[in-house]
Amino acid sequence: MRLPAQPPRDYPIMIGVDHLEALESCISLDQELVIITDHRVKKLYGTSLREKLLEHGFRVMLSSFQAGEKSKNARTKERLELEMFAWYCGRDVMILALGGGVVGDLAGFLAATYLRGIPYIQMPTTLLGMLDSSIGGKTGINNSYGKNLIGAFWHPVAVISDLHFLKTLPKHQLINGLIEAIKIFLTRDKEQFYFLQDNIKQLLMPDLSLLREVVNRAVALKISLVESDERETGMRMILNFGHTIGHAIERLSHYQIMHGYAVALGILVELKISELLGILSQREFQIVLDFFRKLNITPTLISKMNPVDLLEATRQDKKRTQESIRYILLRQIGMIEETGDTIVHAVEDAMVIEALKIIQMGY
Ligand code: NAD
Ligand code: ZN
């Protein structure tokens with residue numbers, strides 16, 4: 001006898017729905033619920049969601065923690081777990097992860113390990129949560145050695161993305177999320193990249209129907225990459241476009257530069273390498289650079305960083321996995337460079353340094 005390699009999983013990803021209606025469509029009245037959220041989202045949406053669910057006859061608890069990446073650790077996780085034990089939550093309880101990627105990753109990992117695994121629903125409230133972190137089943141926490149080092153693949157029973165949450169999201173958080181969409185469109189979908197570029201003002205207003213299109217498309221592309229990777233094609237690597245340099249920039253800025261902004265600069269460096277290698281046209285590089293400038297992503301953010309230190313910092317992620325550093329290169333907007341059967345390329349240090357220096361100078 002054999003067990004299947006992957007347990008079957010098939011769950012709805014609902015985008016642009018009313019979160020209360022969607023929630024009621026996927027849980028029964030006798031379902032006990034625990035909302036996990038951060039302090040900010042609790043004030044904005046958590047308390048009122050709990051009240052509404054109570055009015056509708058559910059048993060609901062609410063548990064929250066200080067907003068921000070610093071809370072995504074084992075200490076917070078344990079505190080929340082103990083709270084749930086104090087409430088006598090058994091295996092039949094369902095977690096509602098209401099918040100951004102920090103809440104989703106932490107609450108998802110808690111669900112993966114509480115009594116060896118309980119169901120949860122992702123209810124992302126940030127754009128990054130809706131189009132990236134709630135999709136793909138990765139959950140986890142940070143420790144003093146780095147980000148997301150402890151975790152599990154644990155899929156939710158549903159993802160509910162109510163775009164109305166985005167009305168209160170600050171503009172820089174919207175941009176932070178949009179970068180992950182731009183990342184995936186640059187590698188896979190030229191039309192959608194230009195759609196995003198042409199409509200950027202309205203998207204940032206935010207125009208929710210336009211944002212819905214962007215989220216739909218980005219999620220569809222992420223799902224196709226994650227699925228193809230389960231067939232071991234390595235395509236999931238595309239999701240790391242811009243991230244090798246991006247992570248190094250985040251680290252050297254002591255996390256003062258937000259993830260999306262750092263990734264955008266990492267994308268520019270990978271595009272510049274592509275241009276220097278004669279793979280990408282200068283015109284297309286310029287299109288992306290001009291667009292990023294409009295989003296206030298300016299190379300001056302990293303002008304004081306030493307390129308050699310940056311290169312060194314890119315190796316830190318990889319030390320742990322013993323992999324060599326490889327880059328995704330672009331042939332055209334919407335199309336990556338593929339040679340043979342690989343989509344990642346080794347690039348000489350001197351070339352990376354040259355590209356970094358050019359970006360730091362702002363062109
Ligand atoms: P976040 O969860 O910290 O949210 C950002 C800020 O926005 C927080 O202060 C939060 O309180 C606030 N906020 C959330 N929703 C709001 C709303 N509707 N209105 C106003 N304020 C709101 O950060 P994030 O950018 O959503 O997520 C980043 C995290 O996601 C990182 O920890 C990262 O590692 C993780 N991530 C995970 C995956 C994955 O596949 N699991 C993928 C990408 C990122
Ligand atoms: Zn990212």
Side-chain angles (χ1 to χ4, degrees), residues 19 36-46 48-49 64-73 76-77 97-109 111-112 120 122-143 146-156 159 161-184 186-187 206 208 211 218-219 222-223 225-226 229 236-247 249-250 255 257-267 317 328:
H19 63 282
I36 295 186
T37 189
D38 69 32
H39 289 349
R40 183 170 296 133
V41 179
K42 177 184 168 182
K43 267 193 214 134
L44 286 166
Y45 306 109
S48 68
L49 175 62
S64 63
F65 57 85
Q66 188 90 39
E69 189 70 32
K70 281 206 177 103
S71 295
K72 205 175 104 175
N73 58 37
T76 312
K77 180 171 174 275
L98 178 74
V102 167
V103 169
D105 279 11
L106 180 80
F109 185 41
Y120 76 114
Q122 286 277 15
M123 299 180 71
T125 61
T126 62
L127 186 58
L128 185 122
M130 292 178 191
L131 53 75
D132 193 1
S133 62
S134 68
I135 309 297
K138 276 189 181 177
T139 72
I141 54 174
N142 310 326
N143 66 22
K147 286 180 66 171
N148 303 321
L149 296 180
I150 306 295
F153 279 97
W154 189 247
H155 288 276
V159 181
S161 289
D162 185 341
L163 293 167
H164 288 96
F165 290 136
L166 302 179
K167 282 188 177 164
T168 53
L169 198 68
K171 196 167 158 189
H172 64 274
Q173 293 284 0
L174 275 175
I175 294 174
N176 193 51
L178 275 180
I179 299 295
E180 301 287 359
I182 295 170
K183 166 197 80 179
I184 209 162
L186 274 174
T187 57
L208 298 188
L211 275 174
V219 167
K222 183 164 180 186
I223 291 172
L225 290 174
V226 170
D229 210 52
R236 194 172 186 147
M237 305 268 262
I238 286 186
L239 299 171
N240 288 334
F241 182 44
H243 280 61
T244 302
I245 302 281
H247 284 152
I249 292 173
E250 275 186 285
Y255 296 93
I257 299 180
M258 285 176 80
H259 177 74
Y261 290 73
V263 167
L265 294 163
I267 288 174
D317 281 349
I328 306 267

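First listed ligand is number 1; within each ligand, the first listed atom is number 1. Each residue takes its place number in the sequence, starting with 1.
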Quiz item: In ligand 1, which numbered atoms sit nearer than 4.0 Å to a non-hydrogen atom of Glu69?
Solution: 31 (C), 32 (O)

Self-check item: 2.8 Å cut-off met by an N, O or S atom of Asp132 to the Zn ion (ligand 2)
Solution: no

Quiz item: Just heavy atoms, cut-off under 4.0 Å: does Asp105 contact ligand 1 by side chain, backbone, both, or neither?
Solution: side chain

Quiz prompt | Asn148, portion touching ligand 1 at heavy-atom distance under 4.0 Å | solution = side chain

Quiz item: Is Asp38 touching ligand 1 with its side chain, its backbone, both, or neither, if touching means heavy atoms under 4.0 Å apart?
Solution: side chain

Quiz item: Looking only at N/O atoms, are Ile135 and ligand 1 under 3.5 Å apart anywhere?
Solution: no

Quiz item: Is there at least one pair of N or O atoms, one from Thr125 and one from ligand 1, spaced under 3.5 Å apart?
Solution: yes

Quiz item: Between Leu128 and ligand 1, which residue portion shows a heavy-atom distance shorter than 4.0 Å: side chain, backbone, both, or neither?
Solution: side chain

Quiz item: Got the closest protein heavy atom to atom 24 (P) of ligand 1, with its distance?
Solution: Gly101 N, 3.5 Å

Quiz item: Mind checking whether Asp132 has an N or O less than 3.5 Å away from an N or O of ligand 1?
Solution: no

Quiz item: What do we get for His39 next to ligand 1 when only non-hydrogen atoms under 4.0 Å count, side chain, backbone, both or neither?
Solution: neither

Practice problem: Select one of side chain, backbone, both or neither to describe which atoms of Asn176 lie under 4.0 Å from any atom of ligand 1, heavy atoms only. | Solution: side chain

Quiz item: Will you find, in the side chains of Tyr45 and Thr37, an N or O donor that is under 3.5 Å from an N or O acceptor?
Solution: no

Quiz item: Under 3.5 Å between some N or O of ligand 1 and some N or O of Lys147?
Solution: no

Quiz item: Just heavy atoms, cut-off under 4.0 Å: does Glu180 contact ligand 1 by side chain, backbone, both, or neither?
Solution: neither

Practice problem: Give yes if a backbone or side-chain nitrogen or oxygen of Val102 is under 3.5 Å from a nitrogen or oxygen of ligand 1, and no if not. | Solution: yes

Quiz prompt | Proximal heteroatom of Glu180 relative to the Zn ion (ligand 2) (N/O/S) | solution = OE2

Quiz item: So which bit of Ala67 gets within less than 4.0 Å of ligand 1, heavy atoms only: side chain, backbone, both or neither?
Solution: side chain

